[in-house]
Structure formats: structure tokens, C-alpha cells
Amino acid sequence: MDTAFSEAFDGLVTKLEGWFATIIHYLPNIALAILVSVAAYFVAKYVNNFTYKIISKE
């Protein structure tokens, strides 16, 4: 019983280490995606305000 628990725990630790390594590997891509999303938000906000000003003048 103790051996089965130890093997299951080792398997879980191995799986979690793999996930952690994958997250570390993709961290630059995640940071870039966040940066692009924030930039797109501000560009969309600027375009929205600019469009509203043009339409409201007429």
C-alpha cells in the first residue's frame, strides 16, 4: 500500500514538474500576448474616441 502511494505521488510530482517546465518555456509568449492585448485595448480606445469626435461634428 505504501509503495503504491509513493509511486502515485512520484508520478504526480513528475507531471507537475513537466507542467512547470512548459509554463517557463512559454512565458515569453504569454508576456507578449499580454502586451499586445494591452496595446490593442488602448489603440481601440483611441480609435473609438477619434471616431466619436468625427461623427459628433456633423
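Being a predicted model, the structure only gives us computed values, none of them experimental. Start at 1 with the first residue, then count along the sequence. These values consider heavy atoms only, across backbone and side chains, with no hydrogens, waters or symmetry-generated copies.
- For Val47, the side chain to side chain contact (heavy atoms under 4.5 Å, CB included) partners two or more places apart in sequence, or in a different chain, are Val43, Thr51.
- In this structure, Glu7 CD and Leu12 CG are separated by 13.5 Å, a value rounded to the nearest 0.5 Å.
- Partners of Val13 under the side chain to side chain contact (heavy atoms under 4.5 Å, CB included) rule, at least two apart in sequence or in another chain, are Phe9, Glu17.
- The CD1 atom of Ile54 sits 11.5 Å away from atom CG of Asn49, with the distance rounded to the nearest 0.5 Å.
- Other members of a hydrophobic cluster containing Leu27 are absent, since no ILVMFWY side chain comes under 4.5 Å of it, directly or through relayed contacts.
- Taking Ile, Leu, Val, Met, Phe, Trp and Tyr as members and joining any whose side-chain heavy atoms lie under 4.5 Å apart, directly or through other members, Tyr52 forms no hydrophobic cluster with any other residue.
- Rounding to the nearest 0.5 angstrom, the gap separating the CZ atom in Phe42 from the NZ atom in Lys45 is 6.5 Å.
- Phe20 belongs to a hydrophobic cluster whose remaining members, ordered by chain and number, are Ile24; membership requires side-chain heavy atoms of ILVMFWY residues under 4.5 Å apart, directly or through intermediates.
- Between Phe5 atom CZ and Asp10 atom CG the span is 9.5 Å, to the nearest 0.5 Å.
- When the side chain to side chain contact (heavy atoms under 4.5 Å, CB included) test is applied to Ile23, no partner is found at least two apart in sequence or on another chain.
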